[in-house]
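Written out below as structure tokens is the structure these notes cover.
Note that the numbering runs from 1 along the sequence shown for the chain.
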Amino acid sequence: MVAYRIVPGLNVPQRTILPIPAPAPDEVLVKVLAAGVCHSDVHLLEWSTTHPFAPHAHTLGHEGAGIVVRLGERLAADPSSNPELAVGTFVAVLATNACEQPECDRCSRGFANVCFARPMLGLNTDGCWAEYVVARARTVVPVPGNDPRSVRLSAAVVAAATDAVTTPWHALTKAARVQPGQTLLILGCGGLGVNAVQIAKHVLGAGTVVASDVRKDSLDTARRAGADYAVLPSELNTLLTEKKLLLDVTVDLVGKQVTLDACVDLTRAGGTVLLIGLGDESVSVNPLVMTTKQLKMVGSFGGDSEDLVECLQAIKEGKVVPVVEERPMNECIQVLEDLAAGRVRSRIALIP
């Protein structure tokens, strides 16, 4: 099979011919129909320090969707153990690969999304930028309707949803615990940001959602997604003053010093600053501002299988409509260049 791999010392994916992998006893073999592209892939190939992943050769792609074509030995011997994962099932492949052991401090306390005891698909073990991928049965989720030709839940949308929807979903619902009626700022309206707007407005019942980005076309997309206001960062103070808005939760989907500073400055006393973006290698906060405003700061990374199940259901119901563009997988190098240069406004799914 053809796979696109990261190789130490090289800054572009390497097209490689590999044997089709065999699933371990508790794994399934998935024929990949679509695989997403993310800024994390850019960071990986830049050998950036803003990721907790091992620097060794592996197939890229931490967002995937496909069809189960083979069961591991244990699963095949006892189909009743995972009846929803029969051969032919359309599934979403989750990158986070939690150990789910009762003695695990993170898994046992609801932090399975940040359990790194097992390698994460596409980030430090073979992922979905290939014709086939193996994944633990516990990390694949059946797609409602079981139809990859569905308009709402196409393979491309499902692949992107495993990160671009699941990440803001987990962040808003579990990390920041957004409540109905609250006022939010979504700072950074790329693929994750536009989905965050929809989750906040159409799922969680936020009272007012303000979207902000340096790209005017991204602001247009945010408005269409349901943002009550969408303005440039330089216009935020004026908007908040004129509309008498107080921000309960500010969401930094960029992760640069300038964006975090803006969030800390604009959040009302007692509010929450939610950090998702990984733009800078390090950021800092002013302790005087944090303490005198009594702000809460919380980070969030990825999501777990429960989040993914909920995301797919929300997409099925039309509450969240991810914007996804399809490109051939053999164009992955150009896609990464476009993403790094800021030329990508939606999410992109690669098709093998």
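One N or O on the side chain of Asn146 and one on the backbone of Phe90 form a donor-acceptor pair closer than 3.5 Å. Of the possible polar contacts, none joining the Lys243 side chain to the Thr238 backbone as a donor-acceptor pair under 3.5 Å is found. Formation of a donor-acceptor pair under 3.5 Å by the His39 side chain with backbone atoms of Ala340 is not found in this model. Side-chain N or O atoms of Gln334 include none that pairs as donor or acceptor with a backbone N or O of Cys332 at under 3.5 Å. No side-chain donor-acceptor contact under 3.5 Å links Gln14 to the backbone of Ile6. In this structure, Asp307 contributes its side chain and His170 its backbone to no donor-acceptor pair below 3.5 Å. Listed for the Asp78 side chain is no donor-acceptor partner under 3.5 Å among the backbone atoms of Leu75. Using a distance-only test at 3.5 Å, with no hydrogens or angles considered, a donor-acceptor pair links the side chain of Trp129 to the main chain of Gly36. Side-chain atoms of Arg109 come within 3.5 Å of backbone N or O of Asp105 as a donor-acceptor pair. Lys293 places no side-chain N or O within 3.5 Å of a backbone atom of Gly270 that could act as its donor or acceptor partner.
Connection of Leu274 to Val283 is not established within any shared hydrophobic cluster, with ILVMFWY side chains joined at heavy-atom distances below 4.5 Å, either directly or through further cluster members. Note on Ile315: it clusters hydrophobically with Val197, by side-chain heavy-atom contacts below 4.5 Å among ILVMFWY residues. Under the 4.5 Å side-chain contact rule for hydrophobic residues, Tyr4 and Val30 do not share a cluster. Linking Ile, Leu, Val, Met, Phe, Trp and Tyr whenever their side-chain heavy atoms come within less than 4.5 Å leaves Leu85 and Val69 in two separate clusters. Note on Leu123: it does not cluster hydrophobically with Val7, by side-chain heavy-atom contacts below 4.5 Å among ILVMFWY residues.
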Trace of the ring-ring contact (aromatic ring centres under 6.0 Å, His included) decision for Phe111 with Phe301: CA-CA 10 Å; Phe111 298 104; Phe301 180 89; over 10 Å; no
Full working for side-chain contact (heavy atoms from CB on, under 4.5 Å) between Cys38 and His62: CA-CA 8 Å; Cys38 174; His62 59 278; 3.5 Å; yes
From CA spacing to verdict: salt bridge (Lys or Arg N to Asp or Glu O under 4.0 Å), Asp338, Arg327: CA-CA 12 Å; Asp338 292 342; Arg327 299 272 288 273; 3.6 Å; yes
Criterion salt bridge (Lys or Arg N to Asp or Glu O under 4.0 Å) on Glu131 and Lys31, from CA distance to verdict: CA-CA 6 Å; Glu131 295 175 85; Lys31 179 177 175 58; 5.4 Å; no
Salt bridge (Lys or Arg N to Asp or Glu O under 4.0 Å) between Asp217 and Arg215, worked out: CA-CA 6 Å; Asp217 52 350; Arg215 303 166 297 186; 5.3 Å; no
Audit row: Val298, Val273, side-chain contact (heavy atoms from CB on, under 4.5 Å) steps and yes/no: CA-CA 6 Å; Val298 59; Val273 177; over 6 Å; no
Intermediate values then yes/no, side-chain contact (heavy atoms from CB on, under 4.5 Å), Leu185 and Val251: CA-CA 6 Å; Leu185 168 65; Val251 186; over 6 Å; no
Salt bridge (Lys or Arg N to Asp or Glu O under 4.0 Å) evaluation trace for Arg74 with Asp26: CA-CA 6 Å; Arg74 185 180 63 79; Asp26 64 341; 5.1 Å; no
side-chain contact (heavy atoms from CB on, under 4.5 Å) evaluation trace for Arg70 with Glu27: CA-CA 9 Å; Arg70 183 179 170 188; Glu27 293 179 335; over 6 Å; no
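What you find for Cys311 and Thr166 is that their closest heavy atoms are SG-CA, 3.6 Å. Residues Pro148 and Leu33 approach most closely at CB-CD1, 3.7 Å, considering heavy atoms. Scanning both residues, Ala65 and Val158, for their nearest heavy atoms gives CB-CG1, 3.7 Å. Contact between Ala176 and Val249 at its shortest, heavy atoms only, is CB-CG1, 4.3 Å. Taking every heavy atom of both residues into account, Leu312 and Pro142 meet most closely at CD1-O, 4.1 Å. Between Val194 and Ala225, the closest heavy-atom pair is CG1-CB, 3.7 Å.
Each of Glu317, Lys316, Glu310 was scored for a side-chain hydrogen bond (donor to acceptor under 3.5 Å, both in side chains) with Gln313, with one residue passing: Glu317. When each of Asp126, Val133, Thr125, Leu121 is checked for a side chain to side chain contact (heavy atoms under 4.5 Å, CB included) with Thr59, only Asp126 meets the rule.
A 4.5 Å side-chain heavy-atom check between Arg152 and Val157 finds every atom pair outside the cut-off. Contact of the Ser108 side chain with the Pro102 side chain is not registered, since no non-hydrogen atoms from C-beta on lie closer than 4.5 Å. Within the 4.5 Å cutoff, no side-chain heavy atoms of Thr89 are placed close to those of Ile67. Residues Thr250 and Leu187 have side chains not in contact (no heavy-atom distance under 4.5 Å, counting atoms from C-beta outward). The shortest distance between side-chain heavy atoms of Ile186 and Val209 falls below 4.5 Å.
Checked by atom type, the side-chain pair Arg136/Thr139 shows no donor-acceptor distance below 3.5 Å. Using a 3.5 Å distance cut-off with no hydrogens or angles, the side chains of Thr259 and Asp252 do pair a donor with an acceptor. Between Asn330 and Arg15, the side chains place no donor N or O within less than 3.5 Å of an acceptor N or O (distance only, hydrogens not considered). Between Arg5 and Thr16, the side chains place no donor N or O within less than 3.5 Å of an acceptor N or O (distance only, hydrogens not considered).
Arg343 CZ: more than 12 foreign heavy atoms inside a 6.0 Å radius. Within 6.0 Å of the CD atom in Glu103, the count of heavy atoms belonging to other residues, nucleotides or ligands exceeds 12. Open room surrounds CZ on Arg138; 12 or fewer heavy atoms of other groups in view lie less than 6.0 Å from it.
Leu60 CG to Met329 CE: the interatomic distance, rounded to the nearest 0.5 Å, is 10.0 Å. In this structure, OG in Ser212 is found 4.0 Å from CG in Leu236, a value given to the nearest 0.5 Å. Once rounded to the nearest 0.5 Å, the distance linking CG of Leu240 with OH of Tyr229 reads 10.0 Å. Atom CG of Leu184 and atom NZ of Lys201 lie 10.0 Å apart (nearest 0.5 Å). The distance from the CG atom of Asn195 to the OG atom of Ser346 is 10.5 Å, given to the nearest 0.5 Å. Atom CG of Leu219 is separated from atom CD of Glu235 by 8.0 Å, given to the nearest 0.5 angstrom.
Under the salt bridge (Lys or Arg N to Asp or Glu O under 4.0 Å) criterion, Arg223 pairs with Asp220, sequence neighbours left out. Residues that satisfy the salt bridge (Lys or Arg N to Asp or Glu O under 4.0 Å) test with Asp163, not counting sequence neighbours, are Arg347.
The pair Lys174-Glu306 meets the salt-bridge criterion, with a side-chain N (NZ, NE, NH1 or NH2) lying under 4.0 Å from an Asp/Glu carboxylate O.
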